[in-house]
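Single-structure report; data block below.
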Amino acid sequence: MTDFPPPAPGYIAQPYAPRAVRPPLTARAKRGAAIAGAVGFLLLGLGYAMASLAVGLALIVAFFALIVRAASGSGTRENAGFEQFVSGLDITAWVAPLVAIVIVGIVLMVVAIVVSGRVLAAHRVRRPWAVTWAGAGIAVVASWIVYGILDTFLNLALSGFRWDSPSWGSGLVVALIVSAVVGLASNAVLGWLSWWWMAHAMRPATVTDPSSGFVPLVPRA
């Protein structure tokens, strides 16, 4: 056995440096992340769908209005029937409902962020607003992949429809309802997983001393 020389006079042994460890999330924090993620991303996706759908319809209506104006200004006999058809259409009646839908969609998105932050804060989740924004970003990217897969299955289901069948309308409605329910459920699941991931990544650390049996010394914020 090798004998180590005694320490020099005046030598002071250096203590072990404290080490930061991250304990697991508490049950309360896990529950808060699940509620905030599921409700938050569900409302966020619903609000975005409403706003984007209304904007898309507004663009279609505007494009249709341009076509109507161009056809009405030609004054040719071939367009007389078309002009008579569109003369009874009130395009301005679309403006107020579409604007209202856009406003409701934006309000839902704002409510989703606020509710998520407050639920996380109430459940003692560290950095609730950072968890909300980071979780929303991850959930959005994940939803692109999930929705792409769901759209593929929806297109396969619609390709099997017999459009010449008398019951094609009811079958199409059922397929659209099922796809909407699956989409909303996937939003809730993606929000729950993304929020939990970010809450887990940003959970607080505790400084411990290895020489004293890993007793917590100073909690980190």
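The model shown is predicted, which means the values in this text are computed figures rather than measured ones.
Here Ala130 pairs with Arg127, Met202 under the side chain to side chain contact (heavy atoms under 4.5 Å, CB included) rule; sequence neighbours left out. Among residues two or more places apart in sequence or in another chain, the side chain to side chain donor-acceptor pair (under 3.5 Å) test is passed with Ser116 by Thr132, Trp195. When the side chain to side chain contact (heavy atoms under 4.5 Å, CB included) test is applied to Val107, the partners found at least two apart in sequence or on another chain are Ile103, Val111. Partners of Trp196 under the ring pair (Phe, Tyr, Trp, His ring centres under 6.0 Å) rule, at least two apart in sequence or in another chain, are His200. Applying the side chain to side chain donor-acceptor pair (under 3.5 Å) criterion to Tyr147, with sequence neighbours excluded, gives Asn187.
Here the closest heavy-atom approach between residue Ser186 and residue Val146 is recorded as CB-CG1, 4.1 Å.
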Run Arg28 and Arg124 through side chain to side chain contact (heavy atoms under 4.5 Å, CB included) and show every step you take.
CA-CA 7 Å; Arg28 183 178 183 181; Arg124 304 290 180 87; 3.9 Å; yes
Could you list the donor-acceptor pairs under 3.5 angstrom formed between side-chain atoms of residues 30-57 and any protein atom two or more places apart in sequence or on another chain?
{"unit_1": "Ser52", "atom_1": "OG", "unit_2": "Tyr48", "atom_2": "O", "d": "2.8"}
{"unit_1": "Ser52", "atom_1": "OG", "unit_2": "Ala49", "atom_2": "O", "d": "3.2"}

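One finds the OG1 atom of Thr26 at 9.5 Å from the NE2 atom of His123 (value rounded to the nearest 0.5 Å).
Both Trp129 and Trp197 belong to a single network of hydrophobic side chains, linked directly or stepwise wherever heavy atoms of I, L, V, M, F, W or Y lie under 4.5 Å apart. One hydrophobic cluster, built from ILVMFWY side chains closer than 4.5 Å, holds both Ile138 and Val125. Residues Trp144 and Leu184 do not share a hydrophobic cluster, defined by chaining ILVMFWY side chains whose heavy atoms lie under 4.5 Å apart.
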